[in-house]
Amino acid sequence: MKADWKWFAIVMMAVVIIALLHRNCGGSGKYVQVRTVTRTDTLHVTDTVFFPAPYFVELPVTMPADIDTAAVIRDYYSRKSYTIPYADTAVKAVTGITVSGNAVERVTLDWELVNKHTLTTRTVRTEPKVAVTLGGGLTFSIPDHKPGFEVVLGVNIRRNQIYAGYDFVNMTPRVGWQYQIFKN
């Protein structure tokens, strides 16, 4: 009878070792899929100092007076239109300015969003929803004052575990349920 328990203990230890090796040597890696998607929008800005030149100059038809500084007065009464463009990866903008009589007559701003993408990072981790577990443990029978050895078979469904076991020394069955409270 003792030889049977020795063989049973050896077989159970071998099953536990094989299960642990299978789990730790990549057996569970085929169930976990991790996918990371990263999209970025890089903003390029160039600072440039420039002096805009008018693209259209409207000269007055008649001169108000005949003075030696006619060019200065002609410039004073002329209408000048300027265009100031601005562009980067997020926005394109054009500012239009009209100046006449040493005063700003009109300012316009036209803009357009070029790239509407933002930074997005998403990691998806999928795990099996159902798993079968096999294990064993040492028990102690309080009424008989006798240690024992039990084999436990369980089924994990999401965060719940239902298991059944049998103590071969004390001849007692065990049935139970557990719920996983914390998950990392």
Side-chain angles (χ1 to χ4, degrees), residues 16-135 153-163 176-184:
V16 169
I17 290 171
I18 290 172
L20 289 174
L21 286 176
H22 178 70
R23 176 161 170 72
N24 293 331
C25 293
S28 65
K30 61 185 175 183
Y31 296 113
V32 176
Q33 173 188 4
V34 175
R35 178 178 36 145
T36 302
V37 178
T38 304
R39 282 188 224 133
T40 59
D41 178 22
T42 306
L43 182 65
H44 299 282
V45 177
T46 303
D47 291 335
T48 305
V49 177
F50 63 93
F51 299 100
Y55 67 89
F56 175 73
V57 177
E58 181 183 329
L59 297 175
V61 179
T62 60
M63 289 300 296
D66 189 17
I67 304 173
D68 290 331
T69 58
V72 175
I73 295 173
R74 186 180 304 124
D75 188 53
Y76 181 80
Y77 284 105
S78 62
R79 177 177 286 135
K80 297 176 186 171
S81 299
Y82 297 92
T83 300
I84 302 171
Y86 174 77
D88 63 12
T89 59
V91 67
K92 285 184 182 178
V94 177
T95 303
I97 302 171
T98 304
V99 178
S100 176
N102 206 18
V104 176
E105 278 187 358
R106 185 173 118 181
V107 176
T108 60
L109 175 64
D110 294 326
W111 57 277
E112 173 187 358
L113 290 176
V114 177
N115 194 356
K116 297 179 183 173
H117 295 289
T118 58
L119 175 67
T120 305
T121 301
R122 184 179 68 192
T123 302
V124 178
R125 182 181 171 110
T126 56
E127 295 180 7
K129 296 183 181 186
V130 177
V132 177
T133 60
L134 176 67
L153 179 67
V155 176
N156 294 350
I157 302 171
R158 297 191 185 194
R159 295 179 84 172
N160 296 300
Q161 179 183 17
I162 301 168
Y163 57 89
W177 168 79
Q178 291 179 347
Y179 182 76
Q180 182 180 12
I181 298 172
F182 298 109
K183 188 173 187 180
N184 56 1

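No experiment lies behind these values; they were computed from the predicted model shown.
Here V94 pairs with T83 under the side-chain contact (heavy atoms from CB on, under 4.5 Å) rule; sequence neighbours left out. For L134, the side-chain contact (heavy atoms from CB on, under 4.5 Å) partners two or more places apart in sequence, or in a different chain, are V15, V151, L153. Residues satisfying the salt bridge (charged side-chain N to carboxylate O under 4.0 Å, His left out) test with R79, not counting sequence neighbours, are E58, E105.
When every heavy atom of T133 is checked against every heavy atom of Q161, the shortest pair comes out as OG1-NE2, 3.6 Å. Contact detail for Y163 and W177: the closest heavy-atom pair is CE2-N, 3.7 Å.
Here NZ of K80 is found 13.0 Å from CD1 of I97. Values are rounded to the nearest 0.5 Å. Here the CD atom belonging to Q178 is positioned 11.0 Å from the CD1 atom belonging to I162, to the nearest 0.5 angstrom.
Within a 6.0 Å radius of CZ in R106, no more than 12 heavy atoms belonging to other residues, nucleotides or ligands are found.
The shortest side-chain heavy-atom distance between Y82 and T95 does not fall under the 4.5 Å cut-off.
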